[in-house]
Structure formats: C-alpha cells, structure tokens
> 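One structure, pasted below without further comment.
Heavy-atom basis, side chains included; hydrogens, waters and symmetry copies ignored. First the proteins, then the strands, lettered A, B, ... as listed; each starts at 1. As the structure is a prediction and not an experimental result, all values here were calculated from the model.
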Protein chains: 2
Amino acid sequence: MKRRTTLKDLAKELNLAASTISRALDDHPGISPETKEKVLNKAEELGFTRNSIASSFRKNKTLTIGVIVPRIDIHFHSLVISGIEEFAYKAGYNVTIFQSRDSIKRETKITKILQNKMSEGVIICLGTETDSYEHFEKLNRLKIPLVFYDRVPSDYEANKIIINDYESAFKATEHLIEIGCKRIGHIGGSQSTGIFKDRYEGFKAALTKHGFPMDKKLVHFTRELSYEEGALVAKKLLNLENRPDGIFCSNDYTAVSAIQVFQKNNIKIPNEISIVGFSNYPISKIIEPHLTTVNDRAFEMGMAAARLLIRQIEEEEDIIQSEIVTIKTELIVRESTMRSS
Amino acid sequence: MKRRTTLKDLAKELNLAASTISRALDDHPGISPETKEKVLNKAEELGFTRNSIASSFRKNKTLTIGVIVPRIDIHFHSLVISGIEEFAYKAGYNVTIFQSRDSIKRETKITKILQNKMSEGVIICLGTETDSYEHFEKLNRLKIPLVFYDRVPSDYEANKIIINDYESAFKATEHLIEIGCKRIGHIGGSQSTGIFKDRYEGFKAALTKHGFPMDKKLVHFTRELSYEEGALVAKKLLNLENRPDGIFCSNDYTAVSAIQVFQKNNIKIPNEISIVGFSNYPISKIIEPHLTTVNDRAFEMGMAAARLLIRQIEEEEDIIQSEIVTIKTELIVRESTMRSS
DNA sequence: CTGAAAGCGCTTACAG
DNA sequence: CTGAAAGCGCTTACAG
C-alpha cells in the first residue's frame, strides 16, 4: 500500500523546508509568489492533500461541531439541522450528528463521545426522557460550549435558542377571536414539557384578555400530539352539547386530524369550526382546507444555534456564556380560518 | 487557561509509564487488574478523557464517515441519514453531514473537504446538476471508499444502494390491473433521471404483459414531481374524453394532489379512479382516502449504505470494490385502491 | 523570504 | 505485567 504523500515528501522534491511548504499552502504573506506557485504545482502533481487530522491535532482545533437530536427524520429537526449545516458550512465547520432516540442512556453515551475534543461545541435538543443535566455539566467543565434548542433545560443556565411559545399561542388564539369565534378549544401537548405548557398559557391569556370564559370541556391534553390522539380528541369535542367554533392546536398533526374528523361529520371548516395549528409542517399546505398555523422557523433556529455556538467557540473568553435567543414566529393565515362572512 | 489533563499527567501522578496508562484505558489484557483500577480511578478523579484527535492521528483512523445529500430536510434523505447514523453509531463511527443543495460546485467543494483523511469513507446521493464524476475519482484515487444511493451514477462502476424501481413500478401497475382498472395512466418524473425512467419502463412493461394498449394521452412527465405539477397533470387527465380509471404516480406528492383534484370534481376514489403513489411519505397515511404506495424503505437504504461502506473501510484489501445492493420494496395497499365491488 | 527544531498527545513494536 | 523510545504529519516561535 502506497503511503499518502506528506508535506515532507513535497519538501524533499522541491528542496525546501517543510515549514516553507506549509506556509506556501496557507498562502502566508511571507512566502514569495514563485515559491507558492512551485509548491502548488507540485502538490497538484503528486496529488497531495494536507492531512487534516495532523493539522487539527497540532492546532488543537477540529472545526467540527456536534449535534444531538432525538431523531433526524422528524421534519422539524431535519430543518434545524439544515440550518445548522448551512451556517457551519459557510463558517468552515463540519457538522457531526447523533440521534438520542429519546433515550437518556444513549444521550449520555453521546456526550461521552463528544467529550474528547472531537467537537469544539455541541448543539442539543433534549430527549423526552431527559430530566437531569449532569452529562452536560461534564462538557461545560471541559469548556466545550453548548447550545440547546427547542426542548431546552428549564432552571438550568445555558445557551438556548427558543421561540416565544406563549406569545405565538396568544396570537394564534387572538386570531380565532378576531375572526369571530366565540367558543374556542385547545388540543395541547404534555404539560410537563415547557413548550406545550407555554402554548396552553398563551391560549388562556388570550381568552382572558378578551373576556372569554375558560371552558375546561374544550381543552384536552394529549400525550404526544399524535395524529391519532388528535382524532380522538376531535371526536370528543364533536360530541359536546355545546361544540367549539374554533380550536387552537399545539401542532399540525392534531390540527389535521381534527379537520378530517369534523369534515367526515359534515362540519364546515372554517365556517362552523375554524382551526389553527402549530409548526407549519408541509402537510399544512396540502390538507384541504389549507391550515392556518404558526411558522416556527426551524431553519432559522438552526442558523441561530450555529451562529451562537461558533461565536462562543471562537471567543477568547474562558468563561462559558449563557445566552438566550428568541426566534420570531409568524402566524400564516390560510383557509382553515378564512371565514366567508 | 488550564491545560486539559493528558496521559502524561496521569502517568506522573501514578508513577507509571504513559504506555501503561494507555493500555489500561484500553482494557488491554497484559495489564494487571489492580493497575487498571488505579488508572480508571485517577482518570475519573482528574476528569481525564483521552484526546481523540491525537489518537486518531496516531492510529491513522478517524472512525468518521461523510455523507453528502442534496438536502437534509427532504424526508427521504432524513430517513436515509437516520439509517446511516443508526448503523454507524453501533459500529462506533461518527457521521458528518453535508448538503450539496443540488449544486455541482458545492458538491465538488465538499469532496475536497473530504479528501484530507477526515472521513474514512463517503456516502453520497448525487445532486440533480451532477453529470460528471471527476470529483469522486479523486476520492477513489486516495482509496477512500464511496457508496452512492438513490441517485447513483449510471455508466460508472461504483458501490450503489438502490431499489428496483422497474420492478416496483411493475408491481404497482399490476396491482391496478388486478383490482380491475382498464385505462391506466402515469404521472412520471424527469426521464433523464434513471430512477424515474425505470419507473416508467416498469409501468409500460406491466401494461404490455397484460395486453393493455399504451395510450400516450394517459402519460405525463413532470419536471420535479411537485405537488403543483401533480395538480396540473390531474386536471389534464380529468378533461380527457376518455378518462383513466387508475393512475400510477412516481411519487406521493403528485398522487396526493391528483386525489385532491379528482375529489374536488366529484370523482370517487378509488371506485372511479384508483391511485398508487411511490415512497410511502407520512402524507400517504393522512390523505383521505389513505394512499396505496410503494414503501422505498429509506431507513434500510441508509443502514445498507453504512454497512457496505464500513465493511470496505475495514477490509484489508487495497482495491476498491464495486458492489450493488438492491433493497426490496413493498407495495402498501391502502384505501386509494380498495374498491368496493 | 526561508529554515531548523521542537513538540502537539497519543500508540505500539520492542525489550525485559 | 510494565517501561523507554520512536514517531505519526503537521505548525509555529525563533533565528537569520
């Protein structure tokens, strides 16, 4: 097996020092243009590419960031990763991805893998099982910057990229009020998860502001906001004596299944019941009527996470900073709330 | 700034040689259990983790594979990446991802990044612009194993993970024939892309086998199989004097929009027109009626790609092998082809 | 503008 | 079972 060409090989060929070759390849100002050209040509000729591992080792920089997501194939996360990759690529960083699959055991093991200087920083969305943060403490102690997004640790100081769930839910609910809904229901997620609790709180606050009473019968929490759970809740709402005429759902899957359940029961959407979802999933533009929903701007979250992380990696400071970035959401109004009056 | 603890620090603390520490941490058989325990305890105490860059550099192994996809946020690719990550994780490899965004320029630049030994192997799905493979030749010359999936180079010997598009389309079409369709149409993708051409060929072959004439009016090719293009084609099919009673679509987006267009025109699905899609996207289980489609088993493609790549990385052979792995698809029959007769 | 030398933190073949 | 030594391929501070 032929050995890969090294700097030294180039140096010998050209009767130059390895240090000169290294500088020439870096386009260092203190190297003559002629030498640079000779080196570049020879490198091309011998098919030389610098061994980046040796370089990383020597410079103590890997230009790599690690990303831990529960699952890559969840659209939200794939969008965030896309944003991370986009920003990182332009900044010259590589992105290494890991799936925790919502297992705290696997999440912990991944943090161990990331401890050994392979990644200069880590971006994480916590798994559902995760309720302690010791495994991240270790990274902190090693001065590896961390940025959390979406499912972030509560009562734990850290860099966080979030959206304003409370405010987004407030606006979504207010939108239903503005189009004339009088009895507004909510299909929510697990209240032990911060973001879903915030969405519920925002919903309640909008009702209160406009002097609407809270009818507990119109509020249902699901375990994981699944399509199937959405249908179950929708059926319950349908069978109420006093049905809702508007529903704010904490995600798009439940909103879509609610639409389908209502339609099957000959209820007109949006005129009899108007629906708002959350997340702006591709399905929201396909379901008929198209779904009004909150765009959570996942790609921008990813960009922001990478931007913050890389800034902290490159900062000279020795102290790990804690910063919270809130990404602005927008309500996308579509047919599911466009009443013909 | 405090220096990270190194092997040498541990060695000094314990009055042992660095080599002994290294072996103890590796659970090397030739080290006494007592020494191992001492080393492990001290490592824990000093918060020592091995510098994996130094280790990679020394061993000339990074245990990292690179993945180039057009876009991460396309569901198919996120599923493939999930499969790659799953297999790689279990095999002790890390996965670094890059998006070519269908730009050959960016794809080429990424292959340059991957040339410098950072990745021991590369998995790629070609971008739509890519029609030459020089940039991959370079990786070949450096003996970095390559595995292509989905959009693979034609007339270029390489490792490829594919599905049998021809056969899958054949079976999907035959299914339409079996349920009683007499005039079967096709919404296809660009015929300059191998997989879409194969699907069309499979469609034709099924018609031929069962003695059905080919009616060119029932076949339409789109540029990128988008939801919007699907609707346009569906409208054309709808306005034909002699409408189809079954349609095989080369993806799920066009199938879904066709369903919606027909429904809006009061055509009953599946009884008047039956529809089959391709890919088993999440939407296929949500659209009503649920869509019959070909499960292309993207996760398994990813697993297979990682398996093949890692095997070639670890093989001693100096020659790069070329292997083609065909992943078995399955037709998932749902309501869009369940006729009540 | 170029070179000689030291050294990054490991691993491993060799020796005992 | 343990150690001493060499060296992986770069980069950089220093010297001239």
> If the plane angle is over 60° it's perpendicular, under 30° parallel, otherwise tilted; pick one for B:F136 and B:F148.
perpendicular
> Quick one: sort the B:H77 and B:Y149 rings into parallel, tilted or perpendicular, breaks at 30° and 60°.
perpendicular
> On DNA chain D, check which nucleotide each of B:S32 and B:F57 is closest to and give me the residue with the more 5' one.
B:S32
> With a 3.5 Å cut-off and just heavy-atom distances, do the side chain of B:R23 and the base of D:dG3 make a donor-acceptor pair?
yes
> Let's see if you can work this out: which of D:dT11, D:dC1, C:dC10 has an atom nearest to the side-chain heavy atoms of A:R58?
D:dT11
> Looking at B:T6, does any N or O in its side chain come under 4.0 Å of the phosphate oxygens OP1/OP2 on C:dC8?
no
> Any side-chain N or O of A:S19 below 4.0 angstrom from OP1/OP2 of D:dT11?
no
> How do B:L16 and A:R50 order along DNA chain D: which one's closest nucleotide is nearer the 5' end?
B:L16
> Counting side-chain heavy atoms from C-beta on, which of D:dC10, C:dC10, D:dT12 comes nearest to A:K59?
D:dT12
> Taking 4.0 angstrom as the limit, do A:E134 and A:K138 come out as a salt bridge?
no
> Determine: side-chain N/O of B:S22 to OP1/OP2 of C:dT11, distance under 4.0 Å, yes or no.
yes
> Distance to the ring centre below 6.0 angstrom and angle to the axis at most 45 degrees; does that hold for B:R106 and A:Y89?
yes
